[in-house]
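Okay, structure first, notes after.
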There are 2 protein chains.
Amino acid sequence: MTEERPGPRGRGPALQRRARASHSIEAVLAGAVEILDESGAQGLTTRALAARLGGGPASIYWYVSGRDELLDLAADSVLGGVLVAVAGVGEDGAGDPIADLRTIAVAMFDAIVDRPWLGAYAMRDTGRQVHSLQLYEKMGEQVMRLGLTPTQCFHATSAIVGFVIGTAADMGQQLPAAVASGSVTRAEYLGGAVAEWRRLDPAEYPFIHHIVDEFAVHDDRDQFRAGLDLLLDGLRLSAQR
Amino acid sequence: MTEERPGPRGRGPALQRRARASHSIEAVLAGAVEILDESGAQGLTTRALAARLGGGPASIYWYVSGRDELLDLAADSVLGGVLVAVAGVGEDGAGDPIADLRTIAVAMFDAIVDRPWLGAYAMRDTGRQVHSLQLYEKMGEQVMRLGLTPTQCFHATSAIVGFVIGTAADMGQQLPAAVASGSVTRAEYLGGAVAEWRRLDPAEYPFIHHIVDEFAVHDDRDQFRAGLDLLLDGLRLSAQR
DNA sequence: ACCTGAACACCGTTCAAGT
DNA sequence: ACCTGAACACCGTTCAAGT
């Protein structure tokens with residue numbers, strides 16, 4: 001589909017001066033990921049990306065159909081890294097399928113926690129996101145080893161993927177104006193929420209008061225893993241029946 | 001916090017002619033929800049909302065701080081309806097806590113499936129979304145009845161909420177250009193994905209081929225409930241230990 | 001084949017001014 | 001207290017033109 005083009009990779013950038021900028025789909029996505037990491041989805045504008053690549057805002061449209069595809073492909077390129085990281089998991093088919101499933105899910109989650117913008121665009125459109133499709137496939141292969149029906153396999157795999165990206169997206173967007181302005185840290189923001197919760201009427205909000213101390217000191221990764229284990233326990237149970 | 005204002009509610013709108021438009025926070029949110037239902041989050045612009053309310057684009061800023069808060073409050077106003085619908089669930093404390101939990105979760109999910117835009121803004125900021133907080137509280141109260149530790153309660157409730165809105169958001173955004181253009185129906189879009197999946201190499205994508213027939217005929221609500229039951233099975237198990 | 005520059009239509013937000 | 005109108009700064013996308 002895409003032909004080889006002499007991009008900025010492979011040889012020193014100072015070999016020849018050029019009046020016109022020259023990109024590649026890899027360079028475009030790498031630049032997009034850089035901007036996303038620095039300033040989130042809101043910061044990824046056509047003009048900001050073009051400026052980083054050293055060209056005009058219209059040049060990007062040669063590589064992607066628009067901003068939406070750009071975000072999808074940028075997210076998927078990051079998931080390619082996750083795929084590499086878990087390449088060996090479950091390949092021999094010897095270990096516990098559920099443990100392997102857990103390893104892959106945790107790797108995905110960690111990637112999204114590191115990059116809060118990723119949650120909203122990961123695994124959105126398998127038609128254009130190859131790595132997303134391959135991660136879905138890989139998790140599904142572990143589920144297949146449990147000897148369930150195709151319908152059960154489909155439901156279980158979709159549930160795990162939904163839980164991973166849902167939880168991660170939720171945690172990633174928990175900081176509203178904090179990220180943008182940078183005026184308040186995550187700890188300060190959570191502290192503010194905790195203070196508000198403590199001020200609620202205990203008769204009306206018994207549960208909130210029951211867990212607020214835990215919430216105040218909680219770690220997102222622990223919280224995710226605890227939920228994932230509930231889901232996997234349920235899956236193991238249905239595999240035993 | 002907000003004082004009573006004579007809005008368009010309560011009496012006929014033709015009682016007195018007025019040169020200036022007159023809103024209320026309720027009217028603003030109702031208008032926002034209408035637009036969101038018709039054309040999604042992308043369609044909710046300041047100008048479109050102002051036009052529907054019959055005023056200038058700046059008038060909205062008297063009621064909300066900006067577009068972000070508008071979306072949060074519009075989403076939360078819909079969740080208020082869910083809260084009313086499940087008002088009686090679990091109140092007597094007699095039924096099975098997990099069955100009650102399930103009822104609430106399904107009600108939430110159904111509301112988001114009916115309104116795909118809702119997934120991205122539900123339960124985002126409990127500081128400004130009262131109904132989201134109250135739904136979280138209500139689900140948590142059912143979990144509390146299982147006799148777990150506060151930490152376990154926190155983890156379980158968060159997991160269920162994360163699964164509900166994560167899965168719902170995922171399903172809500174599955175139609176990229178279809179919603180916007182209206183040129184393709186959901187069935188056609190899914191059919192296209194199915195055809196693509198069938199064309200994949202079976203040696204490389206055994207799982208996809210294993211489930212594609214199920215995917216082709218699947219129902220989102222069934223899929224959600226199956227996943228939710230896995231999670232609830234796991235929770236029941238941890239309550240028995 | 002790939003990039004440029006300028007333009008178009010549109011958007012969120014602000015603000016002085018009105019009532 | 002609440003709304004208006006116009007303006008500002010910015011954005012995604014297009015397109016004729018260049019190389």
Length of the [atom1]-[atom2] vector between [X] and [N], whole Å:
X       : N     : atom1 : atom2 : answer
A:Trp62 : C:dC3 : CH2   : P     : 9 Å
A:Ile25 : C:dC3 : CD1   : C1'   : 15 Å
B:His23 : D:dA1 : NE2   : P     : 18 Å

### Query
How does protein reach along nucleotides 8-19 of chain D, written 5' to 3' as B (base within reach of a heavy atom under 4.0 Å), S (only sugar-phosphate), or - (no contact)?
---BBBBB--B-
### Task
Could you tell me which residues satisfy side-chain contact (heavy atoms from CB on, under 4.5 Å) with B:Ala48, sequence neighbours excluded, listed by chain and number?
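For B:Ala48, the residues satisfying side-chain contact (heavy atoms from CB on, under 4.5 Å) (neighbours in sequence not counted) are B:Ile35, B:Thr45.
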### Message
Test of understanding: with side-chain contact (heavy atoms from CB on, under 4.5 Å), list the residues that count as partners of A:Asp213, not counting sequence neighbours.
### Response
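Testing A:Asp213 for side-chain contact (heavy atoms from CB on, under 4.5 Å), a comparison that skips the adjacent residues, returns A:Arg198.
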### Message
Side-chain N or O of A:Ser22 versus OP1/OP2 of C:dC3: is the shortest distance under 4.0 Å?
### Response
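For C:dC3, OP1 or OP2 has a side-chain N or O of A:Ser22 closer than 4.0 Å.
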Heavy-atom side-chain contact between [X] and [Y] under 4.5 Å:
X        : Y        : answer
B:Arg221 : B:Asp110 : yes
B:Arg124 : B:Ser132 : no
A:Arg225 : A:Val106 : yes
B:Ser77  : B:Val33  : yes

### Query
Which residues pass the ring pair (Phe, Tyr, Trp, His ring centres under 6.0 Å) test with A:Phe207, sequence neighbours left out?
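Listed in chain order: B:Tyr136.
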### Message
Once ring pair (Phe, Tyr, Trp, His ring centres under 6.0 Å) is applied, do any residues pair with A:Phe154, and if so which ones, sequence neighbours excluded?
### Response
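If we apply the ring pair (Phe, Tyr, Trp, His ring centres under 6.0 Å) test to A:Phe154, skipping adjacent residues, the hits are B:Phe215, B:His218.
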### Query
What base-paired stems does DNA chain D take part in, with at least 3 consecutive Watson-Crick or G-U wobble pairs and both distances under 3.5 Å?
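Counting only runs of 3 or more consecutive pairs, the stems involving DNA chain D are C:4-8 with D:12-16, C:12-16 with D:4-8.
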